[in-house]
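Beneath this line is the structure, given in structure tokens, with notes to follow.
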Amino acid sequence: MKRFTLFIALCLTLAACNKKAAEYQAELFVFGTVVSLTAAGTDEDTASKAFAEIGRQFQVLHRDWHAWDPGELTRLNTALATGKTVTASPGIVDLVIKSRQMETMSGGRFNAALGGLVALWGFHTSQYPVLGPPPATEEIDKIIRSRPSALDVEVSAGGLTSANPMVQFDFGGIAKGAAVDIAVQILREYGIPAAIVNAGGDLRAYGNPGGEPWNIAVRAPAGGIIGGLEVRGDEAIFTSGNYQRFRQDDERRYAHILDPATGWPVEGVISTTVIAAEGWRADAAATALLIAGSQAFAQTAANMQIDAALLVDENGGLHLTPAMANRLKLVDSGAWQIFEHPGTNR
Ligand code: AMP
Ligand code: MG
């Protein structure tokens with residue numbers, strides 16, 4: 001999962017920050033980011049217990065799903081490379097199954113089996129920017145020619161087996177979403193009627209505190225916000241960007257999101273934002289749409305059963321699906337060249 005730089009510092013100083021709506025908040029440092037939890041329509045004791053349970057479960061996920069610190073995922077990857085059948089926790093099996101689905105639906109753009117390529121590019125680190133030239137073309141081509149795919153992995157009662165020794169899982173594009181979903185499940189189990197789980201701007205929100213929708217800001221790549229969205233019901237909103245984590249040499253920057261078709265970083269797109277029912281789906285789709293680029297983004301969204309998505313290109317273009325155009329309240333519509341992408345078929 002993303003950048004697991006530090007262990008969780010669970011801060012449970014509960015604050016009733018808004019007396020009227022009785023919102024309780026806590027912050028966790030996990031997955032290399034601050035995860036902020038907000039619960040409304042509940043009492044302090046219940047919120048505190050739910051937050052503590054989320055903290056406990058996130059510590060386990062942080063360890064088990066880490067792409068390069070030794071743990072369950074690194075052990076799994078070592079075993080997959082030998083062709084042996086290896087047991088995995090239900091959480092990892094679930095990520096494999098979801099990753100296969102996202103790979104198929106995205107036309108191969110989302111590919112969680114390219115951990116070897118992510119490592120080759122030097123992106124198995126918490127230190128950004130990564131400095132230096134790109135890896136040798138032969139090394140990149142060697143991995144791409146072997147076509148690692150999550151679909152090479154068979155899931156059976158005995159465990160996981162890969163038909164392709166080059167498969168190395170890296171769930172960096174989907175695990176944060178899956179973790180946010182687990183947090184929401186815990187909050188619901190505690191009977192909390194409205195909450196937001198916000199992992200560094202990627203979030204899932206449900207319920208209507210005080211009868212009002214949650215108002216969510218969509219981040220702008222250069223800082224600030226693009227616009228606002230009202231969340232009614234239960235929705236996840238995730239953004240992928242090529243502007244925070246990258247490799248840099250004298251010539252240019254290389255984004256940390258890699259195109260499985262070429263093995264090279266995405267170009268031309270700054271960020272994508274997706275709304276979906278679940279965090280894992282929004283997370284994976286945002287990553288896939290960045291790779292799809294402005295031409296293929298709307299059809300790829302439709303193929304992934306995503307209605308509302310936006311893409312910011314490097315020329316100041318704001319590309320919107322019709323559902324996103326209907327919902328997004330732009331802060332400054334004059335700041336963008338707006339492209340609506342109608343007529344995509346599911
Ligand atoms: P996100 O910020 O959700 O877009 O995830 C980016 C992370 O996903 C990277 O740091 C890699 O760990 C991983 N990743 C990079 N390229 C891909 C890809 N084509 N498909 C799936 N995951 C990827
Ligand atoms: Mg993602």
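The shown structure was predicted, so the numbers you read here are calculated from the model rather than taken from an experiment. Indexing begins at 1, ligand by ligand and atom by atom, following the structure's order.
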**Q.** Which atom of Asp283 approaches the Mg ion (ligand 2) most closely (N/O/S)
**A.** OD1

Q) Salt bridge or not for Arg327 and Glu235, using N-O below 4.0 Å? A) yes

Q | Where ligand 1 meets Asp283 - atom numbers and elements under 4.0 angstrom, heavy-atom basis | A | 3 (O)

Q) Is the distance between the ring centroids of Phe31 and Phe58 under 6.0 Å? A) yes

Q) Are any of the N/O atoms in Gly173 less than 3.5 Å from those in ligand 1? A) yes

Q: Return the option from Ala255, Ala119, Ser240 holding the heavy atom at the smallest distance from atom 4 (O) of ligand 1.
A: Ser240

Q.
Less than 4.0 angstrom from a charged side-chain N to a carboxylate O is my criterion; do Lys176 and Asp202 meet it?
A. yes

**Q.** contact_flag Phe110 ligand 1 heavy-atom lt 4.0 Å
**A.** yes

Q: Please indicate whether any nitrogen or oxygen in Gly172 is less than 3.5 Å from any nitrogen or oxygen in ligand 1.
A: yes

Q. If you measure from each non-hydrogen atom of Ile174 to ligand 1, which part falls under 4.0 Å: side chain, backbone, both or neither?
A. neither

Q: Just jot down the ligand 1 atoms closer than 4.0 angstrom to any heavy atom of Ile291, in number order.
A: 18 (C), 19 (N)

Q. Can a non-hydrogen atom of Lys176 be found less than 4.0 Å from any atom of ligand 1?
A. no

Q. Quick check: does Asp202 have an N/O/S atom under 2.8 Å of the Mg ion (ligand 2)?
A. no

(Q) Taking a cutoff of less than 4.0 Å between a non-hydrogen atom of the residue and any ligand atom, is Leu114 in contact with ligand 1? (A) no

Q: Answer yes or no for Arg245 and Phe123: cation-pi contact, defined as NZ/CZ to six-membered ring centre under 6.0 Å and angle to ring axis within 45°.
A: no

Q. Other than Ile225, which residues form its hydrophobic cluster under the rule that side-chain heavy atoms must be closer than 4.5 Å?
A. Val331

Q | side-chain contact (heavy atoms from CB on, under 4.5 Å), paired with Arg109, selected from Leu290, Leu289, Thr300, Val266 | A | Thr300

(Q) Measuring from non-hydrogen atoms of Arg109 to any atom of ligand 1, is the shortest distance under 4.0 Å? (A) yes

Q: Using a strict cut-off of less than 4.0 Å between a Lys/Arg side-chain nitrogen and an Asp/Glu carboxylate oxygen, indicate whether Glu103 and Arg100 qualify as a salt bridge.
A: no

Q.
Within the structure, is a non-hydrogen atom of Ala286 found at a distance of less than 4.0 Å from ligand 1?
A. no

Q: Specify whether an N/O/S atom of Thr287 falls short of 2.8 Å from the Mg ion (ligand 2).
A: yes

Q | Ligand-residue contact atoms, ligand 1 with Pro260, heavy atoms, under 4.0 Å | A | 19 (N)

Q | Heavy-atom neighbours of Glu189 CD exceed 12 at 6.0 Å | A | yes

Q.
If you take the nearest heavy atom of each of Thr239, Leu258, Thr287, which one is closest to atom 16 (N) of ligand 1?
A. Leu258

(Q) Distance check below 2.8 Å: does Gly173 bring an N, O or S atom to the Mg ion (ligand 2)? (A) yes

(Q) Using a strict threshold of under 4.0 Å (side-chain N to carboxylate O), is an ion pair present between Glu53 and Arg56? (A) yes

Q. Can you list the ligand 1 atoms lying under 4.0 Å from a non-hydrogen atom of Asn111?
A. 18 (C), 20 (N), 21 (C), 22 (N)

Q: Can you label the angle between the Trp68 ring and the His124 ring as parallel, tilted or perpendicular, going by 30° and 60°?
A: parallel

Q. For Arg253, what residues pass the side-chain contact (heavy atoms from CB on, under 4.5 Å) criterion, not counting sequence neighbours?
A. Phe246, Gln248

Q. More than 12 foreign heavy atoms under 6.0 Å from CZ of Arg188: is that the case here?
A. yes

**Q.** Best match, Arg245, His256, Glu103: closest heavy atom to atom 15 (C) of ligand 1
**A.** His256

